[in-house]
Amino acid sequence: MQRRILAGDRLIAAFLAGCVLFNYPLLAVFDRPTEVFNIPLLYVYIFLAWAFVIALMAWAVERRLK
């Protein structure tokens with residue numbers, strides 16, 4: 001039972017991290033006319049932040065199953 005509660009807490013933390021990563025102040029920081037490998041910096045940031053949130057959620061769920 002303790003592990004289920006801990007996994008739920010981790011999923012809530014991943015959700016809150018996603019809310020922070022996709023909120024205005026951080027998006028404004030990366031909204032520059034700079035390119036990385038011919039891809040706008042904002043797009044690179046959004047993709048990497050999205051992948052990070054998915055990895056956090058996968059980590060929380062996998063830890064729960066063990």
Side-chain angles (χ1 to χ4, degrees):
M1 185 66 175
Q2 179 73 13
R3 283 194 148 167
R4 278 188 104 115
I5 294 171
L6 190 58
D9 290 346
R10 288 184 180 133
L11 286 174
I12 291 170
F15 169 76
L16 292 175
C19 288
V20 169
L21 290 173
F22 293 112
N23 208 348
Y24 169 70
L26 279 179
L27 289 177
V29 169
F30 292 98
D31 191 16
R32 303 281 182 246
T34 306
E35 293 184 350
V36 177
F37 301 114
N38 288 332
I39 301 171
L41 183 62
L42 181 63
Y43 295 168
V44 172
Y45 169 74
I46 289 174
F47 179 76
L48 291 176
W50 173 65
F52 176 71
V53 171
I54 289 174
L56 273 177
M57 291 176 16
W59 175 74
V61 171
E62 286 297 316
R63 299 246 332 166
R64 184 175 83 180
L65 296 177
K66 290 181 179 182

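- Panel note: side chain Y45, backbone D31; no donor-acceptor pair is recorded below 3.5 Å.
- Residues F22 and I46 share a closest heavy-atom pair of CE2-O, 3.9 Å.
- Closest heavy-atom contact between V53 and A14: CG1-O, 4.1 Å.
- Tracing side-chain contacts under 4.5 Å through hydrophobic residues (I, L, V, M, F, W, Y), one never reaches F15 starting from W59; they form parts of separate clusters.
- Residues I39 and V44 approach most closely at CG2-CG2, 3.7 Å, considering heavy atoms.
- We find the CG-CG distance between L21 and L16 to be 11.0 Å, quoted to the nearest 0.5 Å.
- I12 and V61 are members of different hydrophobic clusters when ILVMFWY side chains are connected at heavy-atom separations under 4.5 Å.
- Hydrophobic clustering (ILVMFWY, side-chain heavy atoms < 4.5 Å, transitive): F47 and L41 are in one cluster.
- Following chains of ILVMFWY side-chain contacts shorter than 4.5 Å, one can reach V36 starting from F30, so the two form part of one hydrophobic cluster.
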